[in-house]
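These notes concern the structure reproduced below.
These numbers come from the heavy atoms of this one structure, side chains and all, not from hydrogens, waters or symmetry mates.
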Amino acid sequence: LHTDAGISGFGLGSSNGSLEQTAQMFNQGLNELIIGADALAPERLYERLYALTWNRICAEKGWRKTDIVLAAAAVDIAIWDILGKHSQMPLYRIFGGHRDAVPCYVTCGYYREGKDLEELRDEMRMLKSQGHRAFKAKIGALSLEQDMQRLQVIREAIGDDAELMVDVNCGWDLDTALAAVKQLPQVNPRWLEEPVHWYDDRRLLKLLAQKTDIPLSAGESETSAQGCRALLEEQAIQILQFDCTRMGGFTMGRKLSALAELNHVEVAPHHDCFIHAHIVAGSPAGLIVEAFTDPERDPLQAELFQDPPQIADGKLQLKDDPGLGLELRQDSLEKYGKRIF
């Protein structure tokens, strides 16, 4: 987004599906609601865009609510970037400045046909040699017995002093989850992420939380801040994992961080470490950010930004550049991007 004062801001929206419809909305009238808006009033613009989800124009133009939520998030992040540059301050300081470096973990241990335990062990040793101190492994697609074997290999490879998080991606029913929390203490998990099926996860998470001391985490699949609030009200989780690029932008991310702090819940946002580091660094509730250091898994983390913050010794060091402190690489935009207007 560009302002008449010569300041530009960058925003990002992310989805597991196609973003084409979200992008096309800008050509279909969404841009008219943004052009001319006060670039220093993120709350006002976010409310205007989010209100489209229940507005008649949404039905008339065939816009999906999920696409509007994504667009509103991307625009909101860009507006905050502009506000930070106008103020000549990095966003993490505007958000509270609790610290200027945040812990990060690497997501790993993905399934792949033909990948055996020895290859998994080599992967973890390689990541440990890169300086990572916290690891999140994927489970839930095999039997519990097989996944426990994989987790034991991972724990052995990373050592007892490293943190190990476990991500099920909503793969278990309640009975499997209850059986799992009896065995998982063998590998000392830092948290258990999205263990139960999505369609009743708030209630199921609450039931599971009553049966285990392992901290439960969720939130990345929610499409509203109110959905995340419900997780806290149910006392279903100990770690909240909302994604500012999927819903809410920084406007709602800041509010959820404050709500989490008041409810003694930690914040570990999903994905996009260079974006979410500002949220985590700004709040006492901020715990850690998620990084994908394998370019094959996430080429955009590796290539999208010019001179991004450095990740070393298990921490992401924020820069003092104003706003997001991120500069897009033109060659990466040309390589991966599609201009829509």
Side-chain angles (χ1 to χ4, degrees), residues 1-5 7-15 19 21-58 61 63-87 89-96 219-230 232 240-260 267 269-272 274-280 282-283 285 322-324 326:
L1 297 181
H2 307 283
T3 71
D4 55 7
I7 301 175
S8 296
F10 160 76
L12 188 147
S14 64
S15 169
L19 290 172
Q21 275 193 281
T22 305
Q24 289 301 329
M25 288 193 307
F26 286 90
N27 285 331
Q28 298 167 354
L30 190 66
N31 56 349
E32 297 173 7
L33 299 174
I34 301 168
I35 295 172
D38 186 348
L40 303 182
E43 288 272 5
R44 189 185 310 166
L45 183 55
Y46 181 80
E47 184 178 17
R48 180 190 301 175
L49 298 181
Y50 194 76
L52 295 174
T53 60
W54 62 83
N55 194 288
R56 181 175 175 179
I57 190 176
C58 180
K61 291 184 175 289
W63 295 348
R64 297 181 305 186
K65 291 181 177 64
T66 52
D67 292 328
I68 293 171
V69 169
L70 277 172
V75 170
D76 184 80
I77 291 171
I79 288 291
W80 277 103
D81 191 22
I82 289 170
L83 194 152
K85 291 174 180 175
H86 173 81
S87 305
M89 293 178 64
L91 286 178
Y92 77 91
R93 293 197 182 278
I94 293 177
F95 294 164
E220 73 176 71
S221 299
E222 295 296 332
T223 56
S224 70
Q226 288 78 7
C228 290
R229 180 190 66 191
L232 302 186
L240 181 59
Q241 295 176 295
F242 58 84
D243 187 333
C244 292
T245 73
R246 287 185 172 183
M247 66 89 184
F250 286 144
T251 291
M252 286 299 166
R254 293 169 65 242
K255 295 175 183 180
L256 286 172
S257 293
L259 188 62
V267 170
H270 169 256
H271 215 280
D272 292 302
F274 301 135
I275 302 288
H276 287 120
H278 291 277
I279 287 286
V280 172
S283 168
L324 284 169
L326 298 172

Decide yes or no on side-chain contact (heavy atoms from CB on, under 4.5 Å) for L1 and F10, but give the supporting numbers first.
-> CA-CA 7 Å; L1 297 181; F10 160 76; over 6 Å; no

What do the steps show when you test L45 against D38 for side-chain contact (heavy atoms from CB on, under 4.5 Å), and what is the final call?
-> CA-CA 8 Å; L45 183 55; D38 186 348; over 6 Å; no

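Residues satisfying the side chain to side chain contact (heavy atoms under 4.5 Å, CB included) criterion with D4, sequence neighbours excluded, are absent altogether. Shown here are the side chain to side chain contact (heavy atoms under 4.5 Å, CB included) partners of E47, two or more places apart in sequence or in another chain: there are none. Considering only residues two or more places apart in sequence or on other chains, S14 meets the side chain to side chain contact (heavy atoms under 4.5 Å, CB included) condition with L12, D243, T245, R246, D272. With sequence neighbours left out, the salt bridge (charged side-chain N to carboxylate O under 4.0 Å, His left out) criterion links R48 to no other residue. Legend: residues meeting side-chain hydrogen bond (donor to acceptor under 3.5 Å, both in side chains) with Q241, ordered by chain and number and at least two apart, are E193, S217. Applying the side chain to side chain contact (heavy atoms under 4.5 Å, CB included) test to H2 and every residue at least two apart in sequence or in another chain returns S8. Partners of D67 by side-chain hydrogen bond (donor to acceptor under 3.5 Å, both in side chains), not counting sequence neighbours, listed by chain and number: T22, R64.
Shown here for G249 and I77, the closest heavy-atom pair between the two residues is CA-CG1, 4.0 Å. Here the closest heavy-atom approach between residue L19 and residue G13 is recorded as CD1-O, 3.8 Å. When every heavy atom of C244 is checked against every heavy atom of F250, the shortest pair comes out as SG-CD2, 4.1 Å. When all heavy atoms of F242 and C228 are compared, the closest pair comes out as CB-SG, 3.9 Å. In terms of heavy atoms, A39 sits closest to T3 at CB-CG2, 3.8 Å. When all heavy atoms are compared, the tightest approach of A225 to M247 is N-SD, 3.6 Å.
Counting only distance, with no hydrogens or angles, the side chain of S87 and the backbone of M89 share no donor-acceptor pair below 3.5 Å. A donor-acceptor pair under 3.5 Å is absent between the side-chain atoms of H278 and the main chain of F95, judged by distance alone.
For the residue pair Q21 and W63, no side-chain donor N or O sits within less than 3.5 Å of a side-chain acceptor on the partner.
For residues 247-258, the set of pairs meeting the side chain to side chain donor-acceptor pair (under 3.5 Å) definition, not counting sequence neighbours, comprises E43-K255, D76-T251, W80-T251.
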Can you list, pair by pair, the side-chain donor-acceptor contacts under 3.5 Å of residues 51-58, counting residues two or more places apart and other chains?
residue	atom	partner	partner atom	Å
T53	OG1	Y50	O	2.7
N55	OD1	I57	N	3.0
R56	NE	E60	OE2	2.8

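The CD1 atom of I79 lies 8.0 Å from the CG atom of L40; values are rounded to the nearest 0.5 Å. Residue L30 holds its CG atom at 7.5 Å from CD1 of I68, rounded to the nearest 0.5 Å. Considering CG of L259 and CE of M252, their distance stands at 11.5 Å, rounded to 0.5 Å. With rounding to the nearest 0.5 angstrom, the CG atom of D81 is 7.5 Å from the CG atom of L326.
Residues F274 and L324 form no side-chain contact, since every pair of their non-hydrogen atoms from C-beta on lies 4.5 Å or further apart.
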